Amino acid sequence: MDIRGTETPLLNWTGDALALGFFEDSMELTETLQKLDEKLNRNLRELITETEFEGKSSNNVVTRIGSGSPVQKIILVGLGKTEDLTLDTVRLGAATIARLAKQAKVKTLGINLPVVNDDAASTVSAITQGVILPLHQDNRFKSEPDKNELKLEKVEILGCGEHREAINKAQTLCSGVILARELVAAPANSVTPVTFAEIAQTIAQDHGLDIEILERKECQNLGMGAFLGVAQASDLPPKFIHITYKPSETPQKKLAIVGKSLTFDSGGLNLKGSQSGIETMKMDMGGGAATLGAAKVIGQLKPDVEVHFICAVTENMISGRAMHPGDILTASNGKTIEVNNTDAEGRLTLADALVFAEKLGVDAIVDLATLTGACVVALGDNISGLWSTDETLATQIKKAGAMAGEKVWEMPLEEKYFEGLKSPIADIKNTGPRAGGAITAALFLKQFIKETPWAHLDIAGPVWLDKEDGVNNSGATGFPVQTLVHWVLNQ
Ligand code: BES
Ligand code: MN
Ligand code: ZN
């Protein structure tokens with residue numbers, strides 16, 4: 001799909017469909033739109049009256065003008081109130097337009113949406129994302145791809161200027177989001193620890209990143225007893241992936257991104273039932289998927305910060321070699337852990353990954369993990385929980401999330417709840433009481449960080465959507481690739 005910003009005035013644009021955004025509090029036609037209306041034989045005005053289109057958000061209309069007209073179809077999208085205009089409004093508006101254009105089998109589309117905060121580059125970039133992300137369709141596992149499907153071929157963004165660079169950047173960002181979506185959506189017999197490592201290798205190669213993959217033996221030498229405890233029942237070998245992006249000049253800052261990478265979480269001997277969604281647990285590498293997605297984007301955008309991408313990849317399985325509930329593991333920082341629940345495995349794999357990240361001497365660490373059902377209960381499907389030991393870092397992540405249109409909500413690292421993780425026999429247990437389960441999970445992780453500013457995102461809700469939400473289709477979302485990229489770029 002060719003997306004570009006064009007200087008062509010609205011009145012001169014020709015193509016299959018022209019999409020116009022309207023605010024509910026300024027529905028009267030501007031001078032330009034009055035001229036357009038005349039050009040379209042007063043179809044525009046009639047359409048608005050006939051369909052009682054009021055410009056409210058989620059209020060949309062498509063109509064055919066007829067052949068011979070400079071535009072064959074008109075798409076109207078409601079943007080809500082003028083004062084509520086943000087980048088999210090245009091991103092969602094563009095997504096609605098893209099979906100309607102696809103349904104209407106449009107090949108060439110013109111989009112006319114308002115510029116947000118006089119920032120044409122950001123507006124064009126939000127529109128680009130809004131067009132690309134909902135149109136991504138995953139047919140990899142269908143035996144016959146939909147051959148009859150007509151594709152949107154050309155999109156022209158009107159009234160913002162050319163902004164080639166902003167569009168390219170947005171397209172690169174989307175390619176990272178789509179990579180993460182495809183990794184999460186692929187089943188556990190397709191994305192395994194072995195194939196995940198192969199994909200990481202390809203990404204590193206394609207974008208000039210350094211990569212090191214530690215095998216079981218090397219992890220043993222580093223004392224990663226917590227990660228390897230989780231991995232021990234699987235027939236597939238664990239892979240500890242470390243990708244490094246180094247800018248050409250000496251970096252001002254070094255960052256680490258750590259993603260929970262369970263290619264499948266059966267729960268282990270504390271086996272999940274269908275009640276706890278065992279059939280959805282291919283998504284348990286959502287953190288790792290976003291980590292690779294971010295690596296793919298950062299490798300192309302080349303900011304002047306050094307970034308380490310870390311994924312401790314394995315499956316949580318059952319077999320004669322499986323961890324017993326009650327087993328005691330020793331992590332690579334020497335801490336002993338009583339595994340009172342084998343289904344709290346993500347934090348065990350992350351424990352060793354966080355220790356590894358801190359040893360790199362980075363300035364900040366962010367981890368992303370589909371860590372707890374408790375976080376989904378607390379914040380629902382659309383919002384990720386954020387915990388941090390550092391206010392500056394927390395603020396950066398919140399800002400990056402807002403720019404990305406990915407929702408994060410800060411939660412407390414309530415030290416008092418650490419009581420719940422005390423073990424009579426080892427240093428700590430891996431699970432506490434049911435109440436506050438997402439908080440104790442974060443407190444558990446904190447045990448594996450000494451002093452580096454650290455933030456934890458529990459993304460168990462937003463990595464997957466049961467229902468389409470405008471920009472994202474149902475299924476894997478690619479959350480929070482965009483937040484990570486904005487965080488790195490805005491250092
Ligand atoms: N991978 C799950 C968390 C999860 C739940 C992700 C729902 C996505 C959707 C995690 O490993 C897990 O099993 N957590 C347990 C922790 C409990 C045993 C303390 C949970 O949330 O039930
Ligand atoms: Mn689990
Ligand atoms: Zn899990």
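Owing to the predicted nature of the structure, the values given are computational and were not obtained by experimental measurement. Indexing begins at 1, ligand by ligand and atom by atom, following the structure's order.
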Between [Y] and [X], is the closest basic N to carboxylate O distance under 4.0 Å?
| X | Y | answer |
| --- | --- | --- |
| Glu410 | Lys398 | yes |
| Lys416 | Glu419 | no |
| Asp343 | Lys272 | yes |

Do [X] and [Y] have side-chain N/O donor and acceptor atoms under 3.5 Å apart?
| X | Y | value |
| --- | --- | --- |
| Ser474 | Glu468 | no |
| Asp367 | Trp454 | yes |
| Thr96 | Asn60 | no |
| Asn270 | Thr342 | yes |
| Arg91 | Gln129 | yes |
| Asn316 | Ser266 | no |

Item to check | Side-chain donor or acceptor of Asp265 paired with backbone N/O of Asp284 under 3.5 Å | outcome: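 Judged by distance alone, no pair lies under 3.5 Å.
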
Checklist entry - Ignoring hydrogens and geometry, is there a side-chain-to-backbone donor-acceptor pair from Thr336 to Ala426 under 3.5 Å? => result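 A pair under 3.5 Å: no.
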
Which protein N or O atoms sit under 3.5 Å from any N or O of ligand 1? Give each pair with its distance.
from: ligand 1; atom 1: 1 (N); to: Lys260; atom 2: NZ; distance (Å): 3.3
from: ligand 1; atom 1: 1 (N); to: Asp265; atom 2: OD2; distance (Å): 3.2
from: ligand 1; atom 1: 1 (N); to: Asp284; atom 2: OD1; distance (Å): 2.9
from: ligand 1; atom 1: 1 (N); to: Asp284; atom 2: OD2; distance (Å): 2.9
from: ligand 1; atom 1: 1 (N); to: Thr370; atom 2: O; distance (Å): 3.4
from: ligand 1; atom 1: 11 (O); to: Lys260; atom 2: NZ; distance (Å): 3.1
from: ligand 1; atom 1: 11 (O); to: Asp265; atom 2: OD2; distance (Å): 2.9
from: ligand 1; atom 1: 11 (O); to: Asp343; atom 2: O; distance (Å): 3.1
from: ligand 1; atom 1: 11 (O); to: Glu345; atom 2: OE1; distance (Å): 2.9
from: ligand 1; atom 1: 11 (O); to: Glu345; atom 2: OE2; distance (Å): 2.9
from: ligand 1; atom 1: 13 (O); to: Lys272; atom 2: NZ; distance (Å): 2.7
from: ligand 1; atom 1: 13 (O); to: Asp343; atom 2: O; distance (Å): 3.0
from: ligand 1; atom 1: 13 (O); to: Asp343; atom 2: OD1; distance (Å): 2.8
from: ligand 1; atom 1: 13 (O); to: Asp343; atom 2: OD2; distance (Å): 3.2
from: ligand 1; atom 1: 14 (N); to: Leu371; atom 2: O; distance (Å): 3.4
from: ligand 1; atom 1: 21 (O); to: Gly373; atom 2: N; distance (Å): 2.7

Next on the checklist: Restricting to side-chain hydrogen bond (donor to acceptor under 3.5 Å, both in side chains), what partner residues turn up for Glu345, sequence neighbours left out?
Outcome noted: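 By the side-chain hydrogen bond (donor to acceptor under 3.5 Å, both in side chains) rule, Glu345 matches Lys260.
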
Next on the checklist: Under 6.0 Å between ring centres: does that hold for Phe356 and His242?
Outcome noted: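 Centroid separation for Phe356 and His242: below 6.0 Å.
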
Item to check | Polar protein atoms (N, O or S) that approach the Mn ion (ligand 2) to under 2.8 Å | outcome: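 Listed by chain and number, the atoms are Asp265 OD2, Asp343 O, Asp343 OD1, Glu345 OE1.
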
Checklist entry - When you check the space around the Zn ion (ligand 3), which protein N, O or S atoms turn up under 2.8 Å? => result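 Sorted hits: Lys260 NZ, Asp265 OD2, Asp284 OD2, Glu345 OE2.
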
